[in-house]
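Comments concern the structure below.
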Amino acid sequence: MDIRKKDSTFSLSLTEIAFTLLLLLVMLLGVLLLNKSEQLDRCVGSAFSCVCPTKPGDEAIDPLSHCEKCVSVVLGTSPEESHQIIDLGKNILAAWQSTHKEGIAGPEFERFRTDVIDYVKIRAKTLQKESTPAPQDDSKVPQTLSECKKTLEGVNSKLKYCKRAGLDVPPCWLTQEGRPQYLFEVTLLPENKVVINRAWPEERQQQVDRIPSIEALKPLFGEPIPMGRFLPIEERILQYSKTADEGQACRYFVRLRNRIPDSDSAVKARHQIEHGFYKYEIR
């Protein structure tokens, strides 16, 4: 056998193998470059330079809009905050474009953008100041303590009166001695009529001015009026008294005179007044 022939054949086979391996490496490199190019085509090339990794099952990324994942990574915000950032930006831009056909081109949009940012900063400072407690003014402390003491004395007087009289809610007005002060003098008359007169002391005038329907009732003072005309006013005063005493329920006192001779009619009329007021009946 010719040894040189064998060497020549074996040497040629190695060369072919080397070329084959080189070709395979080139083809593999081409496949890898093609795969990377497809990924970049999907995620790169938007005006916002949106680059984020994709995973199997992720929704396709629109290269023409922000990706919430990218905003979250770049700004360090949560996905929810990123969504709000994008949504807010879209709404602001849409509002601008609805009245400015030139869109974002030109210096006018830059002024608008600056105005929006300045407003947000000013608003943030305002809210911060509102949430910061004001410094304590020591000059007001004695007055505040005095008011608290006066309020406490009034509450205690009302509680004592309620316990003594067996009432459900306290009277709206009491003197310093613990006696009730009256809103009206009420006189019950036959034929279902009633006469209303003022009974409140001058010191209660400001409180009376806040009671509903008082002004409408004043022209009728001293005149016999049908009970049906007074009852709606009584109901409005009753509803007001449920929150009149600094938000607490109370009831106004009236002095009552009954001039109805028929006992059944007298009891019925008395109950109508008792519906809205505490009474001190004068015999």
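Residues: numbered from 1 along the sequence shown.
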* **Closest non-hydrogen atom pair between Pro232 and Gly228, with its separation** => CD-O, 3.1 Å
* Asked: Do you know the tightest heavy-atom contact between Cys250 and Ala244?
  -> SG-CB, 4.1 Å
* Is the number of heavy atoms from other residues, nucleotides or ligands under 6.0 Å of Phe221 CZ greater than 12? -> yes
* Inter-residue atom distance Glu235.CD - Ile237.CD1, 0.5 Å rounding -> 10.5 Å
* Any chance you could measure Phe230, atom CZ, to Ile196, atom CD1, to the nearest 0.5 Å? => 4.0 Å
* Asked: If you round to the nearest 0.5 Å, how far is CD of Glu234 from CD of Gln239?
  -> 11.0 Å
* Side-chain contact, heavy-atom cut-off 4.5 Å: Arg251 with Leu238? -> yes
* Asked: Is any side-chain heavy atom of Ile214 less than 4.5 Å from a side-chain heavy atom of Lys218?
  -> yes
* Got a sec, which residues hit side-chain contact (heavy atoms from CB on, under 4.5 Å) with Lys279, two or more places apart in sequence or on another chain? -> Val254, Leu256, Arg270, Glu274, Glu281
* Derivation and outcome, side-chain contact (heavy atoms from CB on, under 4.5 Å), residues Ile211 and Arg236 -> CA-CA 9 Å; Ile211 300 176; Arg236 285 192 286 273; over 6 Å; no
* Asked: salt bridge (charged side-chain N to carboxylate O under 4.0 Å, His left out) with Glu191: which residues, sequence neighbours excluded?
  -> none
* Asked: Do Leu217 and Leu231 belong together in a cluster built from hydrophobic side chains that touch within less than 4.5 Å?
  -> yes
* Asked: Which pair of non-hydrogen atoms, one from Leu188 and one from Ile273, has the smallest distance, and what is that distance?
  -> CD2-CG1, 3.9 Å
* Report yes if the side chains of Phe184 and Val194 come closer than 4.5 Å at any heavy-atom pair, otherwise no. => no
* How far does OG of Ser241 sit from CZ of Phe277, to the nearest 0.5 angstrom? -> 8.0 Å
* With sequence neighbours excluded, what pairs up with Glu202 under the salt bridge (charged side-chain N to carboxylate O under 4.0 Å, His left out) test? -> Arg198
* Asked: What pairs with Arg259 under salt bridge (charged side-chain N to carboxylate O under 4.0 Å, His left out), at least two apart in sequence or on another chain?
  -> none
* Kindly write out the residues that satisfy side-chain contact (heavy atoms from CB on, under 4.5 Å) with Gln181, not counting sequence neighbours, or none if the list is empty. => Trp173, Thr175, Pro201, Glu203, Arg204
* Structure fact -> Between the CD atom in Glu215 and the CG atom in Asp209, the distance rounded to the nearest 0.5 Å is 6.5 Å
* Asked: Distance-only, no hydrogens or angles: does the Ser78 side chain make a donor-acceptor pair with backbone N or O of Glu81 under 3.5 Å?
  -> yes
* Transitive ILVMFWY side-chain link Ile260 to Met227, under 4.5 Å -> yes
* Would you find a donor on one side and an acceptor on the other, under 3.5 Å apart, between the side chain of Tyr278 and the backbone of Val169? -> yes
* Structure fact -> Asp262 and Ser265 have their tightest heavy-atom pair at OD2-OG, 2.7 Å
* Asked: From Asn258 CG over to Arg283 CZ, what is the distance, rounded to the nearest 0.5 angstrom?
  -> 8.5 Å
* To do: Can you sort out the partners of Tyr182 under ring pair (Phe, Tyr, Trp, His ring centres under 6.0 Å), two or more places apart, ordered by chain and number?
  => Phe253
* Structure fact -> Taking every heavy atom of Asn197 against every heavy atom of Gly222, the minimum-distance pair comes out as OD1-N, 3.2 Å
